[in-house]
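Both backbone and side-chain heavy atoms feed into the values below; hydrogens, waters and symmetry mates do not. Positions are given from 1 along the sequence.
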Amino acid sequence: MDETKAFEYTPDMFENRELSWLKFNERILNEAKDTKLPLMERVKFLSITESNFIEFFMVRVASLKDQENAGYKKPDLAGMTPKDQLEALDKACHDFVNRQFQTWNRSLYPALKKNNILVIEKYEDLSEEQSKFVDIYFKKNIYPVLTPMAVDASRPFPLIANKSLNIGALLKKKPDAPVLSKEASKDSTVFATVQVPTVIPRLVEIPSEAPYEQTFILLEQIIEKNLGVLFLNYDVICANPYRIIRNGDFSIDEDEAEDLLSEIQKSLHQREWGEIIRIDGEQDTDKRLLKFLMKNFKVSENALYAINGPIDLTFGMKLYGKVENKKLFEKSYTPVWPKSIPEGRPFFDEIKKKDRFVFHPYDSFQPVVDFIRYAADDPQVLAIKQTLYRVSGNSPIVAALGHAAENGKQVTVLVELKARFDEENNIQWAKKLEKAGCHVIYGLVGLKTHCKIALVVREEDDGIRRYVHLGTGNYNDSTAKIYSDCGIFTANEQIGEDATAVFNMLSGYSEPPYWNRLALAPIWLRTKFYSLIDREIANAAKGKKGLIVAKMNSLCDKEMIEKLYDASRAGVRIYLVIRGICCLKTGIKGVSENIHVVSIVGTFLEHARIFYFYNDGDDEVYMGSADWMPRNLDRRVEIIFPVLDSDNKNRAIHILDTQLSDNLKAYYLDADGEYKRFDKRGKVEVGSQSEFCKEAQLESGTKNKKLFTERTFTPAFAPEDDE
């Protein structure tokens, strides 16, 4: 034990967070390249890489630039300064963009054409009939919305909104054009720009011609084709689309903010007009136009991305929604109602008998909605308390909370206003809830409230009883269909006491002298995890079996990684299922040889956090909202809760076991820091997500049959063969 503590871990034993994230986005890109997947699923994955990548620039790259501008030189856990990271990212990001468009140009675009779906990328490719249709569409639907903006001595360069797609043009006045001003009479080239309106669908379906069944054109191409209509007195020398990405990360001094809601509303404007950190232009853009843009945007050469294809690949998600050929899509999965929960009636009595486990999206999210909905109408319910981090645009849970307040219930809702990119949405919900009579709170100063908890207080014959829902994912009925998350309903008295203490802490300054079952960040969650890992280390030191299995989104906390290294050196076997960032390195001799990491990228986004500790055979399982990142452990309100019921524990263990057996959608992290596919030769193919779909359907139609009882933890690769 003392020996492991004295070991010095050096920066080369850690992976840089940003480079690890890029490897995650690369794994998503691999799904777009996978010819075994239905074509439109591949298009969807390419679109996801784009939306992920833009957010990465707005937040992570922008943050590094802020640090560099401020002269911050402290290295990260991998020993890289902000300048080092930006230099490494410059090459890696440009390379990634090239691979994105190679995937589109060489694979997806030809495959769409082969399946009789045409996306016209250049208006010159339109037939005569299509050209007429496009011109009429422009005149009726687009022209009235556009605002062309010229730049000259009297008209300064306009402010260009973040992420907006625009068309830049160089113009020359026609010799016979009327002279409107002294400036206009000059025989010179002028710049003009037109924003592609976001209020009109970017992907426009137009009449098809054989052999194509569906034909689409991008909105910017329609505008570019008709650009002369906007500048009648000028000849268009050149015109090309461009897009800028701005710094979207903003901070608020909460200690000085008198009204957090209004302060965040003001700060949202920073995102629209922050420093420009990237500019995208087509590969064949006129050099004079590019030079003009870069000068006015005040960006260097490395901020320019030359795009070989349509700028902003997120249009792929729109295409996904418009293509009619169902053979090009994966067969959709319909979530099933959990067999353990009665459908169509309040289920408080069922929860009182036994904790109920739900696994979304395999199990329907409707029981979570109904938990609040039934409570809102139940005359025995006195109070409802809930945290909301991200909710859907038309949230039935928010509607039920408002209805509960109107019914005279005491309703307390914590709406996290600082949920990045959901601030505006959450502000609107907060106002609506307040208007309905709910007591709305915005959390603790300096901390995001990220935990997922709902508490229903009910008056029953034997006294007050508390019912609690705890989960790993947001109370969002939309994302619950595509995010893989776990949750439990419980009437456990100790958890109920803790739940009350959580809301008292969030709404006031009351912290209980002790906690029964729940572990909270930033109070003592880190200490809790350390103690659980130390117990496995102590058992291994005694010659007993030490085993840790953990599933999460990201692992980048230096101290937590060092603790895992300590455990590995002591002989504890560690299996990690990490979807995204992993700053831990495997296969380091004498350090991490006992640690194995897999990442699963599939139809559903892996979002659940599950933590298993062998505990000398008396295994313990925890779930919750926290990843092993500094922000989750130190700067957020998070909850980790124990899975106490033996059947539910078996199911959680089975989830981990099945994911470690996945050899179809899983990658393993090798000693070189690369993520590799498993060799399936001679092995039974296992896709964990498809297995969970089958099991949920089986369980839904099965009576009195025990499922999920195995506890093998047999990974897809044997430990000695993982190289």
With sequence neighbours excluded, tell me which residues meet ring pair (Phe, Tyr, Trp, His ring centres under 6.0 Å) with [X].
| X | answer |
| --- | --- |
| F613 | none |
| F56 | W21 |
| Y483 | H607 |
| F57 | F53, Y305 |

>> Could you tell me if K683 sits above the aromatic ring of F678, with its cationic atom closer than 6.0 Å to the ring centre and no more than 45 degrees from the axis?
In response: no
Distance-only polar pair, side chains of [X] and [Y], donor-acceptor under 3.5 Å:
| X | Y | result |
| --- | --- | --- |
| Q100 | T49 | yes |
| Q659 | E606 | yes |
| N539 | D616 | no |
| H94 | N98 | no |

>> Strictly by salt bridge (charged side-chain N to carboxylate O under 4.0 Å, His left out), give each pair with a member in residues 57-86 just once, sequence neighbours left out.
In response: E18-R60
Side chains of [X] and [Y]: closer than 4.5 Å at any heavy-atom pair?
| X | Y | value |
| --- | --- | --- |
| L547 | Y612 | yes |
| I561 | L77 | yes |
| R517 | L470 | no |
| T387 | L506 | yes |
| V621 | I610 | yes |

>> Quick check against the 3.5 Å criterion: does Q386 have a side-chain atom that pairs as donor or acceptor with the backbone of I453?
In response: no
>> Check D679 with R681, please: is the shortest side-chain N to carboxylate O separation under 4.0 Å?
In response: yes
>> Do the side chains of R27 and E31 get close enough for a salt bridge, i.e. N-O under 4.0 angstrom?
In response: no
>> Going by side-chain hydrogen bond (donor to acceptor under 3.5 Å, both in side chains), H654 matches just one of E695, K649, E691. Which one?
In response: E695
> So among D485, T472, N474, which one has a side-chain hydrogen bond (donor to acceptor under 3.5 Å, both in side chains) with K452?
Replying inline: N474
> Pairs in or reaching into residues 578-590: which pass side-chain hydrogen bond (donor to acceptor under 3.5 Å, both in side chains), with residues at least two apart or in two chains?
Replying inline: N553-R579
